[in-house]
Amino acid sequence: MTPEAMQQMRWASEIEARNRPLTDEDLDAMLPPEGFKILKPPDSYVPL
Amino acid sequence: MAARQRQQLRLPPEVNRALYVRNLPFKITAEEMYDIFGKFGAIRQIRLGNAADTRGTAFVVYEDIFDAKTAVDHLSGFNVCGRYLVVLYYQ
């Protein structure tokens with residue numbers, strides 16, 4: 001395992017940690033509770 | 001979605017999936033929001049300001065951190081109904 005490969009792995013795991021799925025509780029904790037309403041996705045919306 | 005070649009680059013610490021958008025027209029609709037922001041990737045959630053002090057601002061949360069970065073890179077200064085969008089990473 002070369003040092004570069006190890007560093008690559010560490011960066012990849014860091015990105016994975018920052019990219020783990022967000023639950024609704026995570027969102028409520030992250031974003032300000034009042035003053036905003038959650039928009040319902042339109043029926044025509046298809047996630048990429 | 002074709003399996004995108006995941007860039008093996010590091011992301012700066014301030015890059016975040018939650019984006020804070022300002023200077024939005026007050027009467028913008030959910031369809032327009034999803035249309036503008038949906039081009040860059042799957043959207044986890046959008047919260048639109050509806051109070052006096054939060055109107056014209058919104059939080060857009062993406063599923064994937066790289067999509068959020070692409071959105072910020074492309075959308076800063078995007079013109080919506082004559083207003084230039086301000087798109088920032090939300091800390």
Side-chain angles (χ1 to χ4, degrees), chain A, chain B residues 1-4 6-22 24 26 28-71 89-91:
Chain A
M1 179 70 87
T2 62
E4 292 77 20
M6 282 208 332
Q7 198 176 33
Q8 209 66 34
M9 247 175 46
R10 206 172 335 114
W11 285 348
S13 57
E14 181 222 332
I15 294 283
E16 280 321 310
R18 284 164 72 175
N19 228 2
R20 54 168 170 57
L22 282 166
T23 63
D24 287 341
E25 294 72 28
D26 289 340
L27 289 175
D28 292 343
M30 266 162 62
L31 302 176
E34 311 94 23
F36 291 85
K37 75 173 176 358
I38 298 176
L39 286 189
K40 190 186 78 54
D43 309 336
S44 59
Y45 173 62
V46 55
L48 280 181
Chain B
M1 260 301 282
R4 274 178 318 180
R6 179 70 69 191
Q7 305 98 321
Q8 275 310 323
L9 46 88
R10 288 199 64 195
L11 288 176
E14 81 275 0
V15 175
N16 187 330
R17 277 173 292 177
L19 303 185
Y20 179 51
V21 185
R22 289 208 335 243
L24 285 165
F26 288 172
I28 196 160
T29 64
E31 285 73 20
E32 284 164 340
M33 285 298 283
Y34 271 88
D35 191 35
I36 294 170
F37 290 95
K39 295 200 291 289
F40 299 99
I43 289 179
R44 173 71 178 84
Q45 189 182 74
I46 294 185
R47 295 189 182 200
L48 191 61
N50 56 5
D53 53 350
T54 60
R55 200 167 295 138
T57 67
F59 286 101
V60 178
V61 185
Y62 280 90
E63 299 275 359
D64 183 82
I65 196 164
F66 290 99
D67 295 344
K69 184 176 186 315
T70 318
Y89 293 114
Y90 179 64
Q91 301 313 324

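Just so it is clear: chains get the letters A, B, ... in the order the sequence lines come, proteins before strands, and each one is counted from 1. Computed over heavy atoms, backbone and side chain alike; hydrogens, waters and symmetry mates excluded. These numbers were taken from a predicted model, which means no experiment stands behind them.
- In this structure, CZ in A:Arg18 is found 4.0 Å from CD1 in B:Ile65, a value given to the nearest 0.5 Å.
- Residues B:Ile46 and A:Ile38 fail the side-chain proximity criterion, which asks for heavy atoms closer than 4.5 Å.
- In this structure, chain A has a heavy atom under 4.5 Å from the backbone of B:Ala58, while its side chain stays farther away.
- Other residues, nucleotides and ligands contribute at most 12 non-hydrogen atoms within 6.0 Å of the CZ atom of B:Arg22.
- Residues A:Leu31 and B:Gln45 form a side-chain contact, since some pair of their non-hydrogen atoms from C-beta on lies under 4.5 Å apart.
- Each of B:Pro13, B:Ala18, B:Ala52 has some count of heavy-atom pairs under 4.5 Å with chain A, and the biggest count is that of B:Pro13.
- Atom NZ in A:Lys40 sits 8.0 Å away from atom CD in B:Glu31 (nearest 0.5 Å).
- Considering every non-hydrogen atom in both A:Met30 and B:Tyr90, the closest pair reads O-CE2, 3.3 Å.
- Contact annotation: the side chain of B:Arg17 approaches that of A:Asn19 to within less than 4.5 Å [non-hydrogen atoms, C-beta and beyond].
- You'll find the side chain of A:Phe36 reaches within 4.5 Å of the side chain of B:Thr57, heavy atoms only.
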Working note: A:Leu39 + B:Arg47, criterion side-chain contact (heavy atoms from CB on, under 4.5 Å); need CA distance, chi angles, decisive distance, verdict.
CA-CA 6 Å; A:Leu39 286 189; B:Arg47 295 189 182 200; over 6 Å; no
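- To the nearest 0.5 Å, atoms CD1 (B:Ile43) and OH (A:Tyr45) are separated by 4.5 Å.
- Side-chain contact between A:Pro47 and B:Tyr34: absent, with no pair of heavy atoms (C-beta onward) separated by less than 4.5 Å.
- Salt-bridge formation is detected for the pair A:Asp24/B:Arg44: a Lys NZ or Arg NE/NH1/NH2 atom is positioned less than 4.0 Å from an Asp or Glu carboxylate oxygen.
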